[in-house]
Protein chains: 2
Amino acid sequence: MAEATIRDVARRAKVSVASVSRALNGLNNVRQATRDRVIAAANELGYVPHAGARSLSLSRANALGVVLPDLHGEFFSELVRGMDREASRRGYFLLLSNMHAEGDQAPTALRAMHGRVDGILVMAPHVPPEMLEQALPSTLPALLINAPVEVPTRPSIRIDNEAGAQAAIRHLVGIGCRRILHIAGPEENIDARERAEGYFKAMARYAPGIEPLLFPGNFEEEAGEAAARDMLSDRRGVDGVFAANDMMAIGCLQTLRAAGVQVPDEVAIAGFDDVPMARYLSLTTCRVRIAEIGERAVARLVDRLEGKIERVLNERHQPELVVRGTTAGANSDEMAEHGL
Amino acid sequence: MAEATIRDVARRAKVSVASVSRALNGLNNVRQATRDRVIAAANELGYVPHAGARSLSLSRANALGVVLPDLHGEFFSELVRGMDREASRRGYFLLLSNMHAEGDQAPTALRAMHGRVDGILVMAPHVPPEMLEQALPSTLPALLINAPVEVPTRPSIRIDNEAGAQAAIRHLVGIGCRRILHIAGPEENIDARERAEGYFKAMARYAPGIEPLLFPGNFEEEAGEAAARDMLSDRRGVDGVFAANDMMAIGCLQTLRAAGVQVPDEVAIAGFDDVPMARYLSLTTCRVRIAEIGERAVARLVDRLEGKIERVLNERHQPELVVRGTTAGANSDEMAEHGL
DNA sequence: TGCAGTCATGTAACCGGTTACGGACGGTCT
DNA sequence: AGACCGTCCGTAACCGGTTACATGACTGCA
């Protein structure tokens, strides 16, 4: 039994396809008796409208494309979850396509979305903007998440990485740290760059005269471990660590502790993101409400699709410093709040 | 500038739409000169084929529907990641739709997918099968993940929860536990039920004569904490805990430790899932390779779409016991391997 | 020269919906 | 009776692709 179409229903209800369409879509210019016949026929045939055909003729797909890099557990999960929540609230589907790092997959993925989504959410913290601009069909509404730069022509939503980094450094200095090491993220990543930038600015401001210390990393836990080993072999007076993300902070924390270094007494540690694990390890960090970013991104895109005008094009999500055990003694939690 | 269509390209290249289609799709019955003209015209117009129209006429969408309950962080993330990886490898998109617990959303979501996906992956550990069967368009290939029962007519993939539970209990008994408490998951959840079932069977087998102890939970961390508080107020000789998932195990672990109970010396603890955090808390658990399940599910569904016949309809994923600190002293790791 | 066969191309039907337009019908008002 | 209006419904065009079939040009061969 092939899938029933609207014409089958029409035949069965002895009306035209137009009437079927009208009846099923609740238009009011249909006699009640006709509507009933149509509905009955549809049920008997198990008719389900063909969404693809519908969206072709309406030129409206009720779907949003989501193009993400191959990112890690929590971030991916939370982002998509937030998006999905808002999307289903607004009656949209999410069409997912990971754009693996290979790069040239991005244009392909974007092209393949044309004609099946009404708008697109792109997260590409490492893709050069001109490439993005070129790959995005210019007529397809898009919203950029953490794009490397704020393309003036495209709305975007970003994390205020500098503000987060500054808050973290301010806090570390506040509890007495002076020689603070920054474990950086990958250079091509915009978040990583901004966090480093924030670190430098904050050091200049809150710890003037103390020279910044950088350890290159890649957002992976191993980088944090490497940084820790480096410190263990030559401490250089480091009494504080600010990692560009939680995973590196955790790698560092675990390795230092395993080597008997007292955290936070000898070295205080802060991360960035507030992954769920951070709470368990009592890691001080800059909380980024990822799901919220996803929701907000979808909400803004859908608003635009539905014709609502936007006041602000480039939004910034403010991270929130969460002080925990790795920067505060067991009962000195509130000390941190007053610090500095 | 409205989006260019194939007819625009045809006009510009001074050929028919048929030739454009042939040229761009790489059919060989096109003169090279014509193909070049078409490609040039397409580039000049920035032509991107309309995937919706294409899939309508080919009756093939190159997309898979994914219907998931509103599940938690890691699980969701890993599952979708695995699916996405395999899907993009096979040239398919993923169309996501969380079916929130409200229940009657499921049929709606499934209906809306008709005509825009070629097949569907459904994860519904709590939806009664007859409802599923009724909601699934019978012509749409579907693969069930952790469905409450194995619907004989639908291929499925499941976790072998009983095997996992048995391995955990066997291990706990092996290291000397006798009075083992099971913190159960929600009753309507099939995984939870099977894990409890496995617990009972394993107790009967490995600890005969010792009566099983059940604490009702809901997969949330708080349930583990409640179980711990219960134990703290009346220990009843409990020397081992097997939680139906890691989050409850973690809640229990943290609460017991906070109260000064020595883990694993006084009470050993094992969980289920192996969420990333488990490693950091050194939690013994039954590892479920979630991403692998997602990959496998997509692979099987795509195989079927492409006409490959299936030998096994109902597959079971085998969890793997990972022994860590919550059931073994610092240097007694391998002891566990020999235990019993 | 005429005919079959090959190749490139165009015409139009089709996928499954939506909807502009117009026709048929019945009622109301002058 | 005739003009006018409103309601309900059917015909057919359309969304943007693919493709079966027809057409015409060209080749090779008798």
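A quick note: this is a predicted structure, and the numbers were derived from the prediction, not measured. We name chains A, B, ... by the order of the sequence lines, and we start the count at 1 in each one.
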Under 3.5 Å, is there a donor-acceptor pair between the side chain of A:Arg85 and the main chain of A:Glu292? no
Do any N or O atoms from the side chain of A:Ser59 and from the backbone of A:Leu56 form a donor-acceptor pair under 3.5 angstrom? no
Ring pair (Phe, Tyr, Trp, His ring centres under 6.0 Å) partners of residues 5-26 of chain A, not counting sequence neighbours, each pair once: none
Contacts satisfying ring pair (Phe, Tyr, Trp, His ring centres under 6.0 Å) that involve residues 23-61 of chain B (not counting sequence neighbours) are A:His114-B:His50
Rounding to a whole Å, what distance do you find between B:Ile6:CD1 and C:dA12:C1'? 14 Å
I'd like to check the side chain to side chain contact (heavy atoms under 4.5 Å, CB included) partners of A:Asp36; sequence neighbours left out, ordered by chain and number. A:Gln32
Do any of residues 11-22 of chain B sit with a heavy atom less than 4.0 Å from DNA chain C, and if so which? B:Lys14, B:Val15, B:Ser16, B:Val17, B:Ala18, B:Ser19, B:Arg22
Between residues 24-31 of chain B and DNA chain D, which residues have a heavy-atom gap below 4.0 Å? B:Asn25
Quick check on contacts: within residues 48-57 of chain B, what sits under 4.0 Å from DNA chain C by heavy-atom distance? B:Leu56, B:Ser57
Expected output: side-chain A:His317 to main-chain A:Arg289 donor-acceptor under 3.5 Å: yes
Not counting sequence neighbours, list each pair that qualifies as a ring pair (Phe, Tyr, Trp, His ring centres under 6.0 Å) and has a residue in residues 20-42 of chain A. none
Just by modelled atom types, is the B:Ala23 backbone N or O under 3.5 Å from a matching donor or acceptor in the B:Arg35 side chain? yes
Under the 3.5 angstrom rule, does the side chain of A:Asp118 hit a backbone N or O of A:Arg60 as a donor-acceptor pair? no
Side-chain heavy atoms of B:Pro141 within contact of B:Leu305, under 4.5 Å: yes
Is the side chain of A:Arg316 donor-acceptor paired with the backbone N or O of A:Ile159 at a distance under 3.5 Å, no angle test? yes
Listed partners of B:Arg31 passing side chain to side chain contact (heavy atoms under 4.5 Å, CB included), at least two apart: B:Thr34
Note: chain A reaches DNA chain D at heavy-atom distances under 4.0 Å over the stretch, first to last nt, 5' to 3', of D:dC8 to D:dG16
Any pair with a residue in residues 37-50 of chain A that passes salt bridge (charged side-chain N to carboxylate O under 4.0 Å, His left out), sequence neighbours left out, goes on the list, sorted by first then second residue, please. A:Arg12-A:Glu44
If you measure only the distance, is there a donor-acceptor pair under 3.5 Å linking the side chains of A:Arg54 and A:Asn25? yes
With A:Leu140, which residues qualify under side chain to side chain contact (heavy atoms under 4.5 Å, CB included), at least two apart? A:Val117, A:Ile120, A:Pro137
Have a look at the helix from C:dT1-D:dA30 to C:dT30-D:dA1 and give the angle its two end axes make, five pairs each, rounded to 10 degrees. 60°
